[in-house]
Amino acid sequence: MNLIRLIPGIAALAALAAVPVPAGAQDRGLPQAPESIEPSPFSWQCPAPESLRRVFPKGLVAYMSQDKTASAVSFRIFTGRGSLHDPKAKPGLMHTTCASMISGGTSMWSPSHLARQIDLLGVVLAVDVHPLHTVISAEFPPENTRKVLFLIADIIFSPTFDSNAVEAEKARITQGFVRMAADAEWTACMNHERIAFGLGPVDFASWASGVGSVERKDLKQCHTQAFSAPAIVLSISGDIDEKGVMDILEYKFDMGGQKDKGPEIDAQPSPQDAGVRLLRSKSRAACAAVGRVAQSFPADRQPALDVFGTLVSGPRGRAAAFGKAGSRAARLPMRTLGIEAARGIMYLRVVCPSSDIPLRLRELIDAARRLASEEPAAREFETARKTVESHVQSLFATRSLACDAFASLEVLRLPAGFYSSYLARLGSVTFEEVRAVASAFVAEPGPMITIAGDPDSIADAEIESGIKLSDLGKVTSRKE
Amino acid sequence: MGTEEILNPVPQIAPPAKGAMPATAGFRMLRAASPAVCALALLLMPASAFALFRSDVHEKTLSNGLRIIFVRVKDSPRMECRIFYRHGSSCDPHGREGMSSLVARLTFSGTRKVGSRDFAEESAILSKIDDFEALFAREKIPADFLDRLKAIPLNLRKIEDSIKATLESLSESARGAMSKEEMDKLRAFVESEEKKRAALESELLELKSHPDFLRLETRNSIGREINNLRKLHAALIVPGEIEALYARAGGIGLSCAVERDLVRFGVSLPANMFEHFLWIESDRMRNCVFRDFMETRGVAALASSDSGMSSSDEYARELDLLAFLCHPYGRPPEGWRSGIEAVSRNEALAFYALHYSPDRAVIVFAGDTEPANLLARASDYFEFPPSAGEKPEPSREAGPRQTGTRRLAAAGEGFPRVDLVWRAPAFGHDHSPVMDLAAECLRARSGHLPQSLLDSGLASGFSVDYSPGRITGEIRITAWPVPKASSEAVENAARKAVDNLLRWGFTSEAVSGAAGRIFAGWGACAMSPPDLADALGFAEVMGGWASFFDRQTAVSRVSLDDIKNVMNLYLKPSNLTAGVFAGGEK
């Protein structure tokens, strides 16, 4: 007998023998199952925004939280203008505006001096342009608070948009698109959001042309709309002297002005946008985003939407994707399956190899369809509610996060008491409400689907699985 | 450094007012504090801040070697829970690269208590499945034979669809109105497709008479037996019960990641539910069963294979391999397909038994609860003997001595990039804090590097990362050339900028600003409990979380000359691996 062949087996047996006998849980009085654990009483209520909200004499709103153990200051400027507010012919305008504000100098600092000041003051400065809002964030050492706030006020209110710097930013942002487009998930989600709001997809050519056509006057107009004093909400937390900071904010940021109704989206969504859009992406994973046009899901139905999304993409969706032993999907890892919900747009997404897209998509939609008719078990429903509650809790895990959550709520023009009443609304969500969401989600003319993946692999998978994308809606394919 | 995110099964819900939206929502135009930066910045905290911070950290070492760290985050409704194991892809046995990743996946299939309706009965079936799978594995069929066999029906269906689609596109009336030339063209098309079909059918007949086909039939009959047993097995198991247990306890963000030096499991629970984590993870540490071994191995092998990988991903893997030639850090965390496919269930169980042991683990909590109660409860669950056997440490072999710059030039579809990778000091090395500062100085927007790359219009972006590991580290500059710039020009510009810095060093103002930015990054990390739990666990695995203090002292003593000397020691051509990826499509 070949002993060498036996070695791994012997090693495994020896190792298993070395593993101590399981728990002896009863001996130590430990619960036999997690269900038997009796957690200590715990109740959580969303903090009231008023406890963190400060309103300045000329109307500026800032959320503030002092934490002397934080050892740094986190300062964020929120505005309710995002990438979806760019004119249809100028996608990328908000990205260009924000980048140029930071690199293009101010009335006080030339571009190179500004960069140097930012570095020397130890500021980590970042811009995040989201679909419906934008955040400029800065983290810096507490001892530099005064100087940094002065500097940022200058960047926000007095950018000069130096022409050389703007041209350089335009080139970088154009190229940045190519880099981001290499990520299928980014491509699918960004385009899905645009299509849902009626703006249509964007590719490199339209992006490059949009960014290329941006002129200084466009930047100024976009800047005025997004960063006038009444349009912004601030969040500042960490090791701050609240009184001192309030004085600086009043002096440098509370500039007054008339608050307008905010930016509008330059398009109207249409039910005609339903169907399947296949965008080419050669990244390792493909992504399919599944949703409806923007109006289908108003914000006031948020808790029911969240429960629906959790039920579909949670254990139920995963059971659909993985539960069939021997199926192709059962052998593949699920990278992401998530839900986005923001002011009237909600969609599910699945990230997987291109060759799995038809099967995963079918199963995801089937899971949604079943919810339109089949009531989930009480425990499943309760678990979904608990998961949603957990996500809300995590937004308020620290006071600093709470400041950010409230500030973004404000620029998204959602009701101030949105979170205060959220848990109560969540607790009263019924299956009928979830069923209504599910029915709307799968109703004719069918969901809107945006796929970023390899069309050849997807086409082969359609043949192999017998699931045709055309069965899910009219397919529009784009080579680039 | 590479990380393989194995699992992120819990849906990510982003209610509308979430402060930080996912990357898909927009792209960052300026650098932000990454967890890595947070971890590094923690090393640079001033003593006063450390004092405040330390008073919130509680720790305990059990008699079996398990380390428990708890950082109190006042008023937080959540408890961030992590368990780190002190082995990563660098500990994978030779020829079994990917073992850590595979075993981490397998631990999600449940334990004797979790995921089974009747473990005694299940165990008997699992043993039979093992026997049949061993027989199945013996009947090896060449991959090209299988590929040919699999491709034929697919191609036949493609031909059928193509003929059908062409004919359907012509209505009756259109067919009547077709010119002779068009009719001939159509006939020629159909005949050509029919010829292809005949060729494929004849190839199929030929393959069916091949000895491998007979072996395939034997294999298929074993496969059917396995499937029958699996059906019986399926009735006895509760799939995904670990996830479900966490979800029912209010858990979100369940994750698992394999890195070069560690394996990390994490979840966020309501503040009062941490005991669920203790129960599930203490059970997972001892009682895993490795259900669905073959399927999970197939998934892991697929994740590690080149198939479906973009050219750019392949280039990144190859560059790591070259920079860490014959070194355990050269392996991708997900391993090699051949390594994973060579792993047997017994080998995986042996690896699990050895490494998933309290003396190899660190537990970290970040949240708000009574520290004494949490530490005592953790002891109750984890106070059991460690596994026997010698725990292998990753090989410290440095591979062949580098005598000059190593180069990789690759092309393919993707965005062009240039990478400069220097081997750098390990986490515990005296030079490591100096390198932290040097890397931050290199990143500075007003520094020489961005001037050479961005302001000159050569690159659309760049990054500098210093990643210290347990054995060694790396400092990496990556630049993305603009279309009109050659990769060579970008590489030369970056190297010239580095050479100038090696000669002249940084100003004291630049170093002070860099320290401030690292410090600010830590501040952001401290305000985010998930990042804090990750940073503390990472540091503990690397050398003890208290080593932050020693390193902080070391950083405070760093002089401008130290930075210059350390940079000159590491950032030299004979320590460099340069990579150029010339992208294809724009």
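Keep in mind that what you see is a predicted model, and the values were worked out from it rather than measured. Chain A is the first sequence line, chain B the second, and so forth, proteins listed ahead of strands; every chain is numbered from 1. Just the heavy atoms: all of them, side chains too, but no hydrogens, waters or symmetry mates, feed the values below.
Heavy-atom distances place the backbone of B:A249, and not its side chain, under 4.5 Å from chain A. Residue B:D161 touches chain A through its side chain alone, counting heavy-atom pairs closer than 4.5 Å. Interface remark: A:S40 contributes backbone and side-chain atoms alike to the contact with chain B (heavy atom separation under 4.5 Å).
Listed options A:A407, A:G82, A:P39, A:S235 were ranked by heavy-atom pairs under 4.5 angstrom with chain B; first place goes to A:P39. Ranked by non-hydrogen atom pairs under 4.5 Å with chain B, the options A:A33, A:G238, A:P47, A:S103 are led by A:A33. Options B:S268, B:G240, B:G513, B:S528 differ in how many heavy-atom pairs under 4.5 Å they form with chain A, and the most are formed by B:G513. For chain B, the option among A:C287, A:A459, A:S394, A:A402 with the highest count of heavy-atom pairs below 4.5 Å is A:S394. The greatest number of non-hydrogen atom pairs below 4.5 Å with chain A, out of B:T296, B:L454, B:L269, is found for B:L454.
Remark: A:R116 does not engage A:D119 in a salt bridge, criterion side-chain N to carboxylate O under 4.0 Å. With salt bridges taken as basic N to acidic carboxylate O contacts below 4.0 Å, one links B:R443 and B:E440. No salt bridge links B:R157 with A:E464; every basic N to acidic carboxylate O contact stays at or beyond 4.0 Å.
In this structure B:K158 satisfies the side chain to side chain donor-acceptor pair (under 3.5 Å) test together with A:D460, sequence neighbours excluded. For A:R172, the salt bridge (Lys or Arg N to Asp or Glu O under 4.0 Å) criterion is met by A:E169, not counting sequence neighbours.
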request  = Go through the steps to decide whether A:D67 and A:R399 satisfy the test salt bridge (Lys or Arg N to Asp or Glu O under 4.0 Å), and finish with yes or no.
outcome  = CA-CA 9 Å; A:D67 177 2; A:R399 287 168 66 83; over 6 Å; no
